[in-house]
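Single-structure report; data block below.
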2 protein chains.
Amino acid sequence: MKGIRQLAKKLDISIGTVSRALNGKPDVNEQTRQRVLDAAAAMGYVPNQAGRALRKGTTGVVGFMMQSGSQITGEGDVFFMSVFDGVQIVCARHKLDLVVLLCSSEDDPDAYLQRVVDRGFVDGLIISATKRHDHRIDFLSQRGVPFIALGRSLTDVGHPWLDLDFEGMAETGVDRLVAKGHRRIGIFAPMDDTNLGYIFIDHYRAALERHGIAFDPDLIFRAHPNDRGGHQIGERIAAMPPETRPTAFILTNEMMTVGLYRGLADSGLHPGKDFAVMGRDSPQAHYLTPKLTCFRLSLRDLGITLAESLLATMPEFAADYPLGVVRKVLPLELIEGDSDCPAPPSA
Amino acid sequence: MKGIRQLAKKLDISIGTVSRALNGKPDVNEQTRQRVLDAAAAMGYVPNQAGRALRKGTTGVVGFMMQSGSQITGEGDVFFMSVFDGVQIVCARHKLDLVVLLCSSEDDPDAYLQRVVDRGFVDGLIISATKRHDHRIDFLSQRGVPFIALGRSLTDVGHPWLDLDFEGMAETGVDRLVAKGHRRIGIFAPMDDTNLGYIFIDHYRAALERHGIAFDPDLIFRAHPNDRGGHQIGERIAAMPPETRPTAFILTNEMMTVGLYRGLADSGLHPGKDFAVMGRDSPQAHYLTPKLTCFRLSLRDLGITLAESLLATMPEFAADYPLGVVRKVLPLELIEGDSDCPAPPSA
DNA sequence: CATAGCATCGTAAACGTTTACGGGACATGC
DNA sequence: GCATGTCCCGTAAACGTTTACGATGCTATG
């Protein structure tokens with residue numbers, strides 16, 4: 001005999017009572033409850049996940065889905081690891097377990113997601129790196145699985161999402177650089193159709209036009225969102241003739257900064273001296289010379305907000321988080337450094 | 001009616017046959033099996049995880065446990081993300097799902113592990129960042145949960161483990177630096193009692209003595225295994241009087257290199273010019289100047305080996321991986337760069 | 001004293017699957 | 001024609017929980 005039955009026999013009470021005692025149901029004598037709790041602790045009893053999930057139809061697990069291809073080896077690293085910590089904190093409050101679901105680079109994300117959902121693995125889901133048109137959103141909403149997207153998408157079913165304020169970043173960045181005399185400002189864009197690329201480009205363009213500067217598609221540099229990509233951009237910029245070359249650059253991705261610095265330097269340009277760089281805050285950014293002028297957001301807080309917004313859509317927890325359907329852009333704080341030098345007089 | 005029952009009714013056969021057909025059991029007519037498979041695909045049937053797990057006593061999930069405190073925000077990033085990819089590849093072969101279990105910085109690792117195991121969450125487990133004395137190993141082995149440790153430990157119950165060849169790294173590193181005239185070689189050691197620290201120090205010491213160089217405890221630099229830690233070490237080194245200051249440094253951790261370079265440079269020392277650095281290969285390492293002389297290992301392959309060695313201990317899969325109990329040190333390849341300059345003549 | 005109400009607990013069904021067991025149909029061998 | 005074997009399939013039990021329902025004993029109320 002195992003599990004709750006064994007516990008019940010030992011205490012000479014019914015398994016129903018044991019279960020109620022453990023789950024904090026009201027109709028059980030406080031004294032009995034204590035006996036049960038003590039005995040459970042003594043023999044190290046822990047309810048079996050499968051049995052409970054089968055009966056309750058709920059698993060107590062929330063999943064954070066990532067594609068290992070683009071994200072993990074690219075932007076993923078530092079960014080997500082910090083976000084997890086925040087999510088975790090909220091989950092722990094409700095005895096929820098967070099698991100990270102890695103969709104391998106060889107798997108089809110949509111198929112992978114469907115399997116996870118159909119098997120009833122998780123009660124709620126966080127998806128990230130939303131595409132411009134994201135099939136996952138349709139699927140999850142149609143299936144009725146509670147979820148939240150980290151990142152916006154044109155696929156909008158009124159679902160909850162959270163995103164960084166890339167438009168603010170584009171506009172503040174352009175304003176600041178233009179004020180320092182820059183007219184040719186390069187920006188990064190992802191290779192895939194991650195939605196943030198479109199958002200950023202749109203507002204970058206709008207900000208330029210506000211200043212009466214013509215939009216030049218050659219100043220959009222596509223690359224992978226990692227160190228190597230940053231390096232390549234640096235080299236490409238340095239290889240351009242000075243009269244068409246940008247004099248400044250805005251990076252939306254934190255992993256690329258070190259690479260960009262080095263790519264520029266290797267090719268004879270000096271960030272903060274004759275080339276301006278603005279980027280995203282990150283651990284590495286603190287150790288760059290010159291100090292990076294960047295946009296900051298507490299990723300841990302982002303994780304907390306993300307989790308709370310997800311729980312707000314889950315029936316069991318909605319009462320604790322009366323937030324409604326969260327669709328929010330989180331502002332970034334500008335940290336002034338020394339990397340956004342004025343435009344060289346020649347330009 | 002739901003699930004397998006619905007499917008059975010639709011095909012007008014028993015649920016037993018449906019289950020057998022789906023699970024590839026032999027005693028079912030091939031024609032019937034096809035009908036079942038087709039119908040299942042048509043209506044998008046996927047077996048319920050809880051029901052299956054409850055009956056079979058097995059979940060089809062392997063877990064990779066990480067502590068978010070030290071690992072994720074520190075060494076974790078690049079290192080683990082690549083390892084996951086390899087593990088994933090092997091898991092996919094057997095329709096196993098890999099989930100990453102994050103033990104939050106506020107959770108007790110032992111308690112967290114126990115909860116995961118007791119609830120029957122996973123069929124197998126990978127644990128990492130083994131401590132010198134690691135309670136998790138005792139626990140898992142006593143519980144009979146298939147697992148493998150990434151990293152050695154003095155806690156040895158004959159369990160499987162895999163580890164990097166830190167002793168080889170220490171000896172090759174010291175040999176090479178001594179051959180270039182260095183006598184004071186600094187090394188990094190982690191702040192906690194992660195076992196690799198002890199292993200590395202022991203062999204570093206042995207290698208020194210082999211060359212007739214006295215061991216100097218002041219040349220061991222403790223720090224957190226991340227960028228910031230590397231930076232701090234660089235600053236500390238630069239602040240030392242030239243006559244006691246090391247002239248070379250070996251890093252076991254890949255995340256620290258950028259920080260160390262910068263810490264040194266900020267304080268007037270020049271890696272590859274008047275100070276030698278050896279480290280671990282990483283994406284960032286490729287973009288450092290001077291190019292880092294480093295030790296390389298394919299982390300993807302490490303992940304593959306890790307997963308295969310784990311499966312070798314799981315009854316269901318052991319037949320496919322006749323490896324026995326794997327306890328192996330994986331060699332590192334030396335990549336020659338320009339960062340390990342000869343000792344300055346003054347020293 | 002009768003009744004209602006409350007606190008506490010036991011009983012048993014249900015969740016969705018897998019699988020041991022047995023049975024029917026049919027072929028084969030003698 | 002009988003025994004034997006094979007192939008396929010249906011039946012039902014089991015996995016470990018949770019929870020609706022009903023039963024019991026006690027208290028309070030009239």
Please determine whether a side-chain nitrogen or oxygen atom of B:Tyr45 lies at a distance below 4.0 Å from atom OP1 or OP2 of C:dG16. no
With a 4.0 Å limit, can you tell me whether A:Thr32 has a side-chain N or O closer than that to the phosphate oxygens OP1/OP2 of C:dT8? no
Rounded to whole Å, please give me the gap between CZ in B:Arg52 and C1' in D:dT17. 20 Å
With a cut-off of less than 4.0 Å, is there a side-chain N or O of A:Ser14 near OP1 or OP2 of C:dG10? yes
Contact class for B:Gly3 vs. all strands (heavy atom < 4.0 Å): base, sugar-phosphate, or nothing? sugar-phosphate
Name the residue from A:Asp110, A:Asp192, A:Asp138 that meets the salt bridge (charged side-chain N to carboxylate O under 4.0 Å, His left out) definition with A:Lys131. A:Asp192
Pick the nucleotide of DNA chain C nearest each of B:Asn48 and B:Arg20; which residue has the one closer to the 5' end? B:Asn48
Short side-chain N/O contact to C:dC9 OP1/OP2 from A:Thr17, under 4.0 Å: no
Using whole Å, what does the distance between atom P of nucleotide C:dA14 and atom CZ of B:Arg55 come to? 20 Å
I'd like to know whether A:Asp123 forms a side-chain hydrogen bond (donor to acceptor under 3.5 Å, both in side chains) with A:Thr58, so could you lay out the CA-CA distance, the side-chain angles of the two residues, the decisive distance to 0.1 Å, and finally the verdict. CA-CA 6 Å; A:Asp123 291 344; A:Thr58 186; 2.6 Å; yes
Does any N or O donor sit under 3.5 Å from an N or O acceptor when you compare the side chain of A:Arg119 with the base of C:dG16? no
B:Arg143 vs B:Asp118, side-chain contact (heavy atoms from CB on, under 4.5 Å): CA-CA, chis, key distance, verdict: CA-CA 9 Å; B:Arg143 270 293 213 284; B:Asp118 282 333; 2.3 Å; yes
Atom NZ of B:Lys25 and atom P of D:dG10: how far apart are they, to the nearest Å? 17 Å
Once you round it to whole Å, what is the distance between C1' of C:dC9 and CD of A:Glu30? 15 Å
Please state how far atom CZ in A:Arg5 lies from atom C1' in C:dT11, giving the value in whole angstrom units. 12 Å
So, B:Asp193 and B:Arg132, do they make that salt bridge, N to O below 4.0 Å? no
Can you measure B:Leu22 atom CG to C:dT19 atom P for me and round it to whole angstrom units? 12 Å
Rounded to whole Å, please give me the gap between NZ in A:Lys56 and P in C:dG16. 16 Å
Given DNA chain D, 5'-ward residue of the pair B:Pro26 and B:Leu54, judged by closest heavy atom: B:Pro26
Length of the NZ-P vector between A:Lys9 and C:dG10, whole Å: 16 Å
Is B:Asn29 near enough to D:dC8 that one of its side-chain N or O atoms lies under 4.0 angstrom from OP1 or OP2? yes
What is the nucleic acid contact for A:Asp27, judged by heavy atoms within less than 4.0 Å: base, sugar-phosphate only, or nothing? base
Parallel, tilted or perpendicular: rings of B:Phe147 and B:His159 (30°, 60°): parallel
At under 4.0 Å between heavy atoms, what does B:Ile15 touch on the DNA or RNA strands: base, sugar-phosphate, or nothing? base
